[in-house]
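Atoms within a ligand are numbered from 1 in the order they appear, just like the ligands themselves. Index from 1, following the sequence.
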Amino acid sequence: MRPVVVGTAGHIDHGKTALVRRLTGIDTDRLKEEKERGISIDLGFAHLKLPSGRRIAIVDVPGHERFVKNMLVGATGVDLVLLVVAADEGVKPQTREHLAIVDLLRVTRGVVALTKTDLASPERIRSATAEVQELLRGTALSGSPVLPVSSTTGSGIQELLEALDRAAAGAEGREARGVARLPVDRVFSIEGIGTVVTGTLWSGTIRPGDALVLLPSDRTVRARQVEVHDQAVDAALAGNRTAVAIHGVSRDEVARGEWLVTPGRFRTTTMLDVRLNLIGAAESPLQNRARVRVHLGASETLARVVLYEPDSLAPGASAFAQLRLEGRVVAVPGDRLILRSYSPSITIGGATVIDSSPIRRSRLDVAGKARLETLESGTLVARLLLLVGESGSQGLRAEAAALRLGVAPEDVVAAAAQTTDLIRTRDGRHLTLGEWGRALDRVVGAVSDYGAEHKLRHGIPKGELKSQLQRELEGTVFDEALETVLRDGRLQVSGDRVSLPQAGPSLTEEESRALERVERKLGSSGFQVPELSEVLKELPPGVKPGEVVRHILEAGRAVKVTSELLYPTHLWAEIETRVRAHFARRPALTMAEFKELLQVSRKYAVPILEQLDRTGLTRREGDVRSPGPRSRQ
Ligand SMILES: Nc1nc2c(ncn2[C@@H]2O[C@H](COP(=O)(O)OP(=O)(O)OP(=O)(O)O)[C@@H](O)[C@H]2O)c(=O)[nH]1
Ligand SMILES: [Mg+2]
């Protein structure tokens, strides 16, 4: 069964706490001051088993107008509201304010308890019932059942339990998949256990042993023990009133308003783009740049409201706006928050988070407005396409998209599978098809540009290509794009070099003639090859010597022994054949023997032998060479 949290609401002294005690046997007024003054000040917590067997948690809130900010903390995360109205007094200011708050938080299920019926005449009970029904009209709680009860005599309590059971059965569940997110509404410490935080788990699951982080303070902690309904559990699920004993912080380092979340998955922000709704009962229009109190989860943060369109917003109206917060908050699209005026603190409206990492701006252009409209009410596929499009060639991972869209990563993967306009890279990035096509074109284009610029080279080394494009294409995106164009035959690779297919180096006639001449020269005097610088002197003015040498080497037409000695490949092969033949007869090769073998002077013999050592055909041992590892192949 889905966990359900019931929150009380209603005017001071109307009997919320007495009713909770009657229902659960738990006195939620724990503080000494509450006992002394006979009113609730802070939140109280209880739980109960309904007739169906369903367990529910109850958050009892204070009705006093000075403690509405505590009520707000209690109301956040509530699935079902238990609105308490005393029959003898009827609807009062905080009846209205609390109702407005739960309505702004989009709590859509409710039960009204008309309390203190033992103090009211049947006629009074009837008129109070009608008054409440009238009040509910036009809110999400319109049509909720109104049940007359007395906490003193117990009359109507059974019927109320049954009504709660029916309402709880229809409550929507929360997202137990995905990342854990719990607004901390209470912190205390227990001897021998340490710091304990409590709250309603908004999403995900928390298990003993989980690594978690507190935001915005950014403290890493570990869950030691997890409790739901005062019982240790293996896992608290989304929707559970949860107590977590945490290791890693002292009681003084945590406060109400922080979030206990999965590490590395949430970013705090000081700006939010929202849909703002001013309540109809607001006393005056909301002015652009007004300073307000933003209540989100258990947090309260001051902010300025930047109204994008009108300069002021009339009571009952709604508009896109940007909240510039004075502190950091943890927000996800779809989150609902409450706005109260700075002074006096009165509830003036609510807002729904649309973009939790917006750009700073004061006006919306047509495109900006269309974008917010899509993010607000587009399909998940449309919203995903929009964000992926904005991520460019970086791409957007499912987890990051999920947080920016306020859904579970699985939903992002499913949405991505529904459209042919996205591709998913091997490392999990989503790119639009257009962006992917551009990435492929960039890779091919860079190779083609390189070929045009360096006609004598056999393509561009992969590493060089990658670093050339690193500003435009993220490393893994590059790797996969290159692989794709190679597979599609748009490029070819030979060794480490990438080139256009069939695009050997294209030489001008002059260049190829020069090249031939150099090769002929190098091969014209046996093993005593002429010095390279001498050969290159004869090149015509338009041909670059360095390019010619690189071309010859890359084409495998010569072996470089020193910067001055290039041996045409057929000559080099002959040298190696002679050395192998020598080792077939003798175990060692002296310098004198080698000079004899090739009919060359020491000037050639030394560098050639060193090259043979380097390539492993020979191994130097003092003055003689013995067969190297390659000689056995
Ligand atoms: N006769 C009678 N008295 C009630 C009933 N319910 C509550 N009371 C009394 O009304 C007073 C206020 O009740 P609470 O339950 O503290 O009211 P509350 O709504 O929790 O008040 P706050 O938390 O301060 O907003 C107490 O003295 C209760 O004993 C009822 O059904 N009948
Ligand atoms: Mg109370």
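For L119, no nitrogen or oxygen atom sits less than 3.5 Å from a nitrogen or oxygen atom of ligand 1, counting backbone and side chain alike. Taking any N or O of T17, backbone or side chain, at least one lies under 3.5 Å from an N or O belonging to ligand 1. Any N or O atom pair closer than 3.5 Å counts here, and D29 shares no such pair with ligand 1. Of the polar atoms of D60, none of the N or O atoms is found under 3.5 Å from an N or O of ligand 1, judged by distance alone. Considering both main-chain and side-chain atoms, D118 comes within under 3.5 Å of ligand 1 through a nitrogen or oxygen pair.
Put simply, S40 gets within reach of the Mg ion (ligand 2), with an N, O or S atom under 2.8 Å from it. At least one N, O or S atom of T17 sits under 2.8 Å from the Mg ion (ligand 2).
Partners of R251 under the side-chain hydrogen bond (donor to acceptor under 3.5 Å, both in side chains) rule, at least two apart in sequence or in another chain, do not exist in this structure.
If you number the atoms of ligand 1 from 1 as listed, the ones under 4.0 Å from a heavy atom of I39 come out as 24 (O). Below 4.0 Å from some heavy atom of H14 lie the following atoms of ligand 1, by number and element: 17 (O), 19 (O). Annotation for ligand 1: atoms under 4.0 Å from non-hydrogen atoms of S150 are 31 (O). Of all atoms in ligand 1, numbered sequentially from 1 with element shown, those under 4.0 Å from a heavy atom of A18 are 6 (N), 7 (C), 15 (O). Close approach to I12 involves these atoms of ligand 1, each under 4.0 Å from a residue heavy atom: 24 (O), 25 (O).
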Open item on the list: side-chain hydrogen bond (donor to acceptor under 3.5 Å, both in side chains), that's the test. Do E162 and Q158 meet it? Break it down for me.
Closed with: CA-CA 6 Å; E162 282 158 17; Q158 188 57 33; 3.3 Å; yes
Open item on the list: Run D185 and T198 through side-chain hydrogen bond (donor to acceptor under 3.5 Å, both in side chains) and show every step you take.
Closed with: CA-CA 6 Å; D185 55 28; T198 71; 2.9 Å; yes
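Looking only at protein heavy atoms, the nearest one to atom 30 (C) of ligand 1 is T152 OG1, 3.3 Å. Given atom 17 (O) of ligand 1, the protein heavy atom at minimum distance is G15 N, 3.1 Å. Among all non-hydrogen protein atoms, the one lying nearest atom 31 (O) of ligand 1 is S151 N, 2.8 Å. Nearest to atom 23 (O) of ligand 1 among the protein's heavy atoms is S40 OG, 2.7 Å. Annotation: atom 12 (C) of ligand 1 to nearest protein heavy atom, D13 OD1, 3.2 Å. Closest protein heavy atom to atom 18 (P) of ligand 1: K16 N, 3.4 Å.
Atom 27 (O) of ligand 1 is not flagged as protein-proximal [any protein heavy atom, distance under 4.0 Å].
Considering R275, R360, R371 as possible partners of D355, the one that fulfils the salt bridge (charged side-chain N to carboxylate O under 4.0 Å, His left out) test is R371.
For F188, the CZ atom is densely surrounded, since the number of other residues' heavy atoms within 6.0 Å is greater than 12.
Counting heavy atoms only, K116 comes closest to atom 8 (N) of ligand 1 of the residues K116, R37, E34, R22.
K35 places a side-chain N or O within donor-acceptor distance of the main-chain N or O of D29, the cut-off being under 3.5 Å. Judged purely by atom type and a 3.5 angstrom limit, Q322 uses its side chain to pair as donor or acceptor with the backbone of R361. Proximity of a side-chain donor or acceptor of R22 to a complementary backbone N or O of I157 within less than 3.5 Å is not detected. The backbone N or O of S150 sits nowhere less than 3.5 Å from a side-chain atom of D118 that would complete a donor-acceptor pair. Side chain of T115 to main chain of H14: a donor-acceptor pair is present (N/O by atom type, distance under 3.5 Å, no hydrogens or angles). Although no hydrogens or angles enter the test, the distance criterion places a donor-acceptor pair under 3.5 Å between the side chain of E97 and the main chain of T347.
Side chains of R224 and H247: a donor-acceptor N/O pair is present below 3.5 angstrom, by distance only.
The aromatic rings of W259 and W202 stand perpendicular to each other, their planes meeting at an angle above 60°, with 30° marking the opposite boundary.
Using 4.0 Å as the threshold, G10 has no heavy atom nearer than that to any atom of ligand 1.
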